[in-house]
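Notes for the one structure printed next.
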Amino acid sequence: MAQVKLKDLVKRYGSDVMAVKEINLDIEDKEFLVLVGPSGCGKTTTLRMIAGLEEITSGEIWIGDRLVNEVEPKDRDIAMVFQNYALYPHMNVYENLAFGLRLRRFPRGEIDRRVKEAAEILSIGGLLNRQTKALSGGQKQRVALGRAIVRNPAVFLMDEPLSNLDAKLRVQMRTEISKLHQRVATTVVYVTHDQVEAMTMGHRIVVMQDGVIMQVASPQELYDHPRSKFVASFIGAPAMNFLQGQLEDSGHGYYFMGVGFRFRMADAYTNEVRNALGRELYLGIRPEDIHVGSEWEEQNPEMQFRTQVELVEPLGAEQHVLLSTDTDPITARVPPDLRVRPGDNLTVTLAPNRLHLYDGETEEAYF
């Protein structure tokens, strides 16, 4: 088992493309860390540099107490699980699992023990004699994981391993990988563009954009306290809503004002919002913090506005309701028994203590 440390890590392609920009990151021993972000943000490049499959431009990579910048991939004590499984089609499952150990000249008995142990962990013992071309997507993914497990590496590196699976199997394999990590207790660095995967699997999540780390935090911390508008919009489904406006000091409190609305800011935010006066701002609100009902209207009369329903998406346990504003529409998450239809006029109320405020220029959070 091992820690992984990235110090001032840079990857440049040519003179003008900087894919990774001076990343500093400490990954703890036995931690399940997820790198997440949109395509092209640098997450897979970072993973491949840790693996030794991508040459670094500058900086340092430490695995345990070893600086591995010049160490060959096979000698870094890592195992990588690829998006496309990378199985050998001419070999059966047993041979795929055993191949890496044979290259390293492990004794036959040790190879057999490790292969059968990995097969038991992944529930593929009955598939050992089957050709890989006859396997389903989920079975192939288990074999790819098994090939990593038999190595007993210090670090697992996983590059979008579930992206080729259908939605139901993806959910199942998320659970399997999380259970596997609990059982083998190895450091895992996992790359995905799917924020649901990141939230459900990671001990901590690294959100990246344009080669830069935007925030590193636990899933709940990221959701409750995103430090930038980008993180706020990327983490959460449906995404956070944003309303543009400015703050006004009424002498009796602060109000956020925009086209068609005026909301009173909770007194708890007083110190933070003083610095935002006179600036263009974004007010962020999660869909579940937009409420419909008389009890909310009575308790928070200065946090409501009239709107019209544009679209209703029933999802069984909840509904997503698209609501019109004088600028961009916003989405509310409401109970399934709320009877609304497109064209209905509603009064909605924002939860006063669940607001997020971002600078219009820097897009950084005030609170």
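Please read all numbers here as calculations on a predicted model, not as lab measurements.
- Classified by interplanar angle (parallel below 30°, tilted 30° to 60°, perpendicular above 60°), the ring pair His181/Phe32 is perpendicular.
- Residue Phe256 comes nearest to Leu243 through the heavy atom pair CZ-O, 3.4 Å, listed as atom of the first residue, atom of the second, then distance.
- Ion pair Asp65/Lys5 not flagged as a salt bridge, since none of the NZ, NE, NH1 or NH2 atoms sits closer than 4.0 Å to an Asp/Glu carboxylate oxygen.
- Residues forming a salt bridge (Lys or Arg N to Asp or Glu O under 4.0 Å) with Arg102 (at least two apart in sequence, or on another chain): none.
- Put simply, CE on Met208 and CD on Gln215 are 14.0 Å apart, with the number rounded to the nearest 0.5 Å.
- For Arg264 (side chain) and Pro301 (main-chain N/O), no donor-acceptor pair under 3.5 Å exists by modelled atom type.
- Two residues are said to be in side-chain contact when any heavy atoms from C-beta on lie closer than 4.5 Å; Glu197 and Val34 fail this criterion.
- At a cut-off of 3.5 Å, with distance as the only test, no side-chain donor of Ser218 or Arg204 sits close to an acceptor on the other residue.
- Checking side-chain atoms of Asp75 against main-chain N and O of Glu72 turns up no donor-acceptor pair under 3.5 Å.
- The main-chain N or O of Leu122 is found under 3.5 Å from a side-chain atom of Arg142 such that the two form a donor-acceptor pair.
- The environment of Arg227 atom CZ is sparse: at most 12 non-hydrogen atoms of other residues, nucleotides or ligands sit within 6.0 angstrom.
- With sequence neighbours excluded, the residues that form a side chain to side chain contact (heavy atoms under 4.5 Å, CB included) with Arg279 are Leu281, Asp359, Glu361, Tyr366.
- Using a cut-off of 4.0 Å between Lys/Arg side-chain N and Asp/Glu carboxylate O, Glu110 and Arg113 are scored as salt-bridged.
- A search for side chain to side chain contact (heavy atoms under 4.5 Å, CB included) contacts involving Ala119 returns Ile124, Leu128, not counting sequence neighbours.
- Between the Arg76 side chain and the Val68 main chain, a donor and an acceptor come within less than 3.5 Å of each other.
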Should Met265 and Leu283 be marked as a side-chain contact (heavy atoms from CB on, under 4.5 Å) after you check the CA-CA gap, both sets of side-chain angles, and the distance that decides it?
CA-CA 10 Å; Met265 304 298 291; Leu283 185 74; 4.2 Å; yes
Before giving the answer on side-chain contact (heavy atoms from CB on, under 4.5 Å), spell out for Leu180 and Ile149 the whole-Å C-alpha distance, their side-chain angles and the decisive distance to 0.1 Å.
CA-CA 9 Å; Leu180 172 64; Ile149 291 171; 3.3 Å; yes
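- With Tyr269 contributing its side chain and Asn353 its backbone, the two residues share a donor-acceptor pair below 3.5 Å.
- In terms of modelled atom types and a separation under 3.5 Å, the side chain of Lys43 and the main chain of Val191 share no donor-acceptor contact.
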List the steps and the verdict of side chain to side chain donor-acceptor pair (under 3.5 Å) for Gln83 and Ser163.
CA-CA 7 Å; Gln83 179 179 350; Ser163 60; 3.0 Å; yes
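- Remark: side-chain polar atoms of Thr187 are not paired, donor with acceptor, to backbone N or O of Val155 under 3.5 angstrom.
- Taking the ring axis of Tyr358 as reference, the NZ or CZ atom of Lys229 does not stay both within 45° of it and closer than 6.0 Å to the ring centre.
- Taking Leu67 as the reference, Glu60, Trp62, Asn69 meet the side chain to side chain contact (heavy atoms under 4.5 Å, CB included) condition, with sequence neighbours excluded.
- When atom types are taken as modelled, the side chain of Arg114 and the backbone of Val150 share a donor-acceptor pair closer than 3.5 angstrom.
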Take Asn24 and Leu6 through the test side-chain contact (heavy atoms from CB on, under 4.5 Å) and record every step on the way to the result.
CA-CA 5 Å; Asn24 288 281; Leu6 311 182; over 6 Å; no
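- Taking 4.0 Å as the cut-off between side-chain N and carboxylate O, Glu248 and Arg262 count as a salt-bridged pair.
- Scored by the side chain to side chain contact (heavy atoms under 4.5 Å, CB included) test, Arg104 finds Lys74, Phe106, Arg151 as partners (sequence neighbours excluded).
- Counting only N and O atoms by type, the side chains of Glu313 and Gln319 include no donor and acceptor under 3.5 Å apart.
- Using a 4.5 Å heavy-atom threshold, the side chains of Leu355 and Phe263 count as separate.
- Val206 and Ile63 fall within a single hydrophobic cluster, where Ile, Leu, Val, Met, Phe, Trp and Tyr are joined by side-chain heavy atoms under 4.5 Å apart, directly or via other members.
- Leu103 belongs to a hydrophobic cluster with Tyr88, Met91, Phe99, counting contacts under 4.5 Å between side-chain heavy atoms of Ile, Leu, Val, Met, Phe, Trp and Tyr, direct or through other members.
- Taking the centre and axis of the six-membered ring of Tyr223, the NZ or CZ atom of Arg286 falls inside the cone set by 45° and 6.0 Å.
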